[in-house]
Amino acid sequence: WCGEAEGQPLSGPFLPIECADGLGESYLRDHDAEFKLVSELCARHLGVTAPGQVNRSYRGRLTLWSKKPLCASCSGVVYRQLVAALPGAQLEVRVDEEPDQS
């Protein structure tokens with residue numbers, strides 16, 4: 001499920017999904033730092049303001065630092081939606097903590 005949060009339609013360049021956190025609680029991940037960061041970057045600085053829009057003229061390197069491994073929603077936003085929106089970008093994601101293997 002994605003597309004609405006608390007009855008309000010989502011706006012912006014990317015669509016988050018609902019997924020579970022480390023404690024098993026499931027919620028729409030539109031308030032995650034990674035989601036907000038790439039959404040603001042694209043909307044304010046790169047002209048990508050709605051899902052499906054593409055900036056073909058951007059050429060550059062984007063590095064995203066995250067304290068923890070990306071959740072399923074943020075992974076989809078970063079590795080699929082962001083890559084599709086900025087096909088000329090070189091993307092690197094750096095994570096401080098390794099995924100929990102337990």
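Side-chain atoms are counted along with the backbone in the values below, which use heavy atoms only and exclude waters and symmetry mates.
Considering NE2 of His31 and NZ of Lys36, their distance stands at 7.0 Å, rounded to 0.5 Å. In this structure, CD in Glu40 is found 8.0 Å from NE2 in His45, a value given to the nearest 0.5 Å. The line from CG of Leu15 to CG of Asp30 is 10.5 Å long, rounded to the nearest 0.5 Å. With values rounded to the nearest 0.5 angstrom, Leu41 atom CG is found 4.5 Å from Leu46 atom CG. Summarising the geometry, atom CG belonging to Leu82 is positioned 11.5 Å from atom SG belonging to Cys74; distances are rounded to the nearest 0.5 Å. With rounding to the nearest 0.5 angstrom, the CD atom of Glu92 is 10.0 Å from the CG atom of Leu64.
Hydrophobic clustering of Ile, Leu, Val, Met, Phe, Trp and Tyr side chains at less than 4.5 Å, counting indirect connections, unites Leu91 with Val95. Ile17 and Val38 fall into different hydrophobic clusters, where Ile, Leu, Val, Met, Phe, Trp and Tyr are joined by side-chain heavy atoms under 4.5 Å apart, directly or via other members. Following chains of ILVMFWY side-chain contacts shorter than 4.5 Å, one cannot reach Val93 starting from Trp65, and the two form parts of different hydrophobic clusters.
Between Thr63 and Arg94 the shortest heavy-atom distance is CG2-CD, 4.2 Å. Summarising the geometry of Pro87 relative to Val54, their closest heavy-atom pair is CD-CG1, 3.7 Å, with the distance given to 0.1 Å. The shortest non-hydrogen separation linking Thr49 to Gln53 is N-OE1, 2.5 Å.
Evaluation of the salt bridge (charged side-chain N to carboxylate O under 4.0 Å, His left out) test over residues 70-87, restricted to residues two or more places apart or in two chains, returns none.
Looking at heavy atoms from C-beta onward, Leu70 lies in side-chain contact with Tyr79 at the 4.5 angstrom threshold. Side chains of Arg29 and Cys19 form a contact here, defined as non-hydrogen atoms less than 4.5 Å apart. Counting heavy atoms from C-beta on, the side chains of Asp32 and Val77 never come closer than 4.5 Å.
In this structure, the side chain of Gln81 does not engage the main chain of Pro51 through any donor-acceptor pair within 3.5 Å.
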